[in-house]
Amino acid sequence: MPRQALLAEFPLKSSLFLGFLPRKCSIFNLFLTCLILGFLSMLWLQLSCTGGDVNKRAIQDEVSSQKSCPQIPRTVNEDPSWGPHRLALLIPFRERFEELMSFVPHMHQYLIQKKILHHIFIINQVDHFRFNRASLINVGFLESGNETDYIAMHDVDLLPLNLDLDYGFPDKGPFHVASPELHPLYHYKTYVGGILLLTKQHYEMCNGMSNRFWGWGREDDEFYRRIKGAELELFRPTGISTGYKTFRHIHDPAWRKRDQKRIAAQKQEQFKVDRAGGLHSVKYRVESRSEVTISGAPCTVLNVLLECDLGHTPWCVFN
């Protein structure tokens, strides 16, 4: 059959191509049209994929920039003429990031204003056991190095507001900054929590803190007995007129409930003095150590895995 006749027998209707092609066209025109459409489809697909990769990389870069903090020298704004001593702020920590974001820059600027050489350590518990504040302070002490010669056992949710508070070297004995007369919540005479300063020598004399306190509370009360057992005199601030407004307490009990459960023999054991355990019996592993800045304030973050002897303190887990 002649070519012209063949084409006449199979006319191409516009309904098949949604009006894109004329009512009749040749095989060559059809082939050319399909070729153009195929090229445009491939071009669109390539541009779409490339754009997706670019967007993905941009998102990854943004996430990375949010996760990492620019590192700056830890001694920024410090002056060696401030004195021969350097304070190690030991912050026992777990999942309280909103409070940490406020605490680190506040404390850094506060101590700079007071001309206190310092190094902030965030001891972050990353294991699956219950929170153990005392053990984390022991770890912070052991990991703080020789460049610091005294420590502050410091809660992350307690911010000093009065510059008259003393954060200097407590050579005469432990100095309880957050005394019962000033702390916004705890007012009993033997309270030594919140913020307590000790020389490293005095902390050694107390054998650190007991590692038996899993969950919230009582470790400070036991440490008060250790201070007395080491025959150390406890000092507290004088001449502070701001009373219970001396500190800002940023803990929200409705949002962050404390682990106050007492399991099995823990109810009885919490009131006993731990004469055997302490600073050098804490079992742990430092998973990582990072130097970071938060709003320009430098700190060291130690991710710590504590160990628990279930035969000795089975209440380190809930089950």
Side-chain angles (χ1 to χ4, degrees), residues 74-79 82-83 85-123 133 136-137 140 148 150-170 172-199 216-217 220 223-224 234-256 258 292-301:
R74 189 178 51 76
T75 55
V76 62
N77 296 330
E78 290 186 349
D79 188 334
W82 293 352
H85 304 292
R86 183 179 293 276
L87 170 65
L89 271 82
L90 307 182
I91 318 302
F93 180 81
R94 175 184 266 177
E95 298 177 349
R96 297 171 71 173
F97 297 101
E98 297 87 354
E99 296 166 8
L100 187 66
M101 294 302 103
S102 298
F103 177 87
V104 172
H106 177 92
M107 286 307 305
H108 179 63
Q109 291 303 319
Y110 179 87
L111 293 173
I112 288 292
Q113 283 184 274
K114 292 184 65 61
K115 299 183 178 181
I116 300 290
L117 299 175
H118 62 278
H119 189 153
I120 300 175
F121 292 89
I122 311 301
I123 308 100
R133 177 178 179 270
L136 294 177
I137 291 173
T148 58
Y150 70 115
I151 67 169
M153 300 156 52
H154 211 301
D155 287 351
V156 71
D157 59 5
L158 198 61
L159 306 181
L161 303 178
N162 191 327
L163 285 171
D164 291 332
L165 290 169
D166 189 0
Y167 273 78
F169 186 74
K172 295 181 180 179
F175 187 79
H176 188 208
V177 179
S179 66
E181 298 80 15
L182 304 176
H183 195 285
L185 295 180
Y186 306 113
H187 309 138
Y188 57 95
K189 287 180 60 176
T190 58
Y191 176 67
V192 291
I195 309 167
L196 182 65
L197 307 182
L198 297 95
T199 68
W216 183 82
D220 292 323
F223 190 68
Y224 176 82
L234 180 66
F235 294 89
R236 288 186 166 123
T238 58
I240 302 296
S241 60
T242 45
Y244 298 149
K245 295 183 179 180
T246 303
F247 302 95
R248 179 184 169 207
H249 191 242
I250 58 176
H251 178 79
D252 184 354
W255 175 249
R256 297 194 179 277
R258 301 189 189 277
V292 302
T293 61
I294 300 175
S295 298
C299 64
T300 298
V301 178

Quiz prompt | D164 backbone acceptor or donor facing N162 side chain under 3.5 Å | solution = yes
Self-check item: H106 side-chain N/O to P160 backbone N/O, donor-acceptor pair under 3.5 Å
Solution: yes
Within-4.5 Å side-chain heavy-atom neighbours: [X] and [Y]:
| X | Y | value |
| --- | --- | --- |
| H183 | L158 | yes |
| W82 | I116 | no |
| R236 | L182 | no |
| L234 | Y224 | yes |

Among residues at least two apart in sequence or on other chains, which ones pass ring pair (Phe, Tyr, Trp, His ring centres under 6.0 Å) with [X]?
| X | answer |
| --- | --- |
| F247 | none |
| Y110 | Y167 |
| Y244 | H187 |
| F175 | none |

Can you name the nearest heavy-atom pair linking [X] to [Y], along with the distance?
| X | Y | answer |
| --- | --- | --- |
| I151 | L87 | C-CD1, 3.5 Å |
| I122 | C299 | CG1-SG, 4.3 Å |
| H119 | T300 | NE2-OG1, 2.6 Å |
| I250 | R248 | CG2-NE, 3.4 Å |
| V104 | I120 | O-CD1, 4.0 Å |
| D79 | L117 | O-CD2, 3.7 Å |

To the nearest 0.5 Å, what is the distance between [atom1] on [X] and [atom2] on [Y]?
| X | Y | atom1 | atom2 | answer |
| --- | --- | --- | --- | --- |
| D220 | M153 | CG | CE | 6.0 Å |
| R133 | L90 | CZ | CG | 10.0 Å |
| L100 | D157 | CG | CG | 11.5 Å |
| I294 | M101 | CD1 | CE | 3.5 Å |
| E99 | H249 | CD | NE2 | 8.0 Å |

Quiz item: Between the side chains of H118 and H108, is a donor N or O closer than 3.5 angstrom to an acceptor N or O?
Solution: yes
Self-check item: Listed partners of Q109 passing side-chain contact (heavy atoms from CB on, under 4.5 Å), at least two apart
Solution: none
Exercise. Could you please spell out the steps behind the side-chain contact (heavy atoms from CB on, under 4.5 Å) verdict for R96 and F103?
Key: CA-CA 10 Å; R96 297 171 71 173; F103 177 87; over 6 Å; no
Table please: side-chain donor-acceptor pairs of residues 188-199 below 3.5 Å, with sequence neighbours left out.
from: Y188; atom 1: OH; to: D221; atom 2: OD1; distance (Å): 2.8
from: Y191; atom 1: OH; to: G193; atom 2: O; distance (Å): 3.4
from: Y191; atom 1: OH; to: G194; atom 2: N; distance (Å): 3.2
from: T199; atom 1: OG1; to: H202; atom 2: N; distance (Å): 3.0
from: T199; atom 1: OG1; to: H202; atom 2: ND1; distance (Å): 3.2

Practice problem: Dump the intermediate steps for side-chain contact (heavy atoms from CB on, under 4.5 Å) on L165 and T246, then the final yes or no. | Solution: CA-CA 9 Å; L165 290 169; T246 303; 3.6 Å; yes
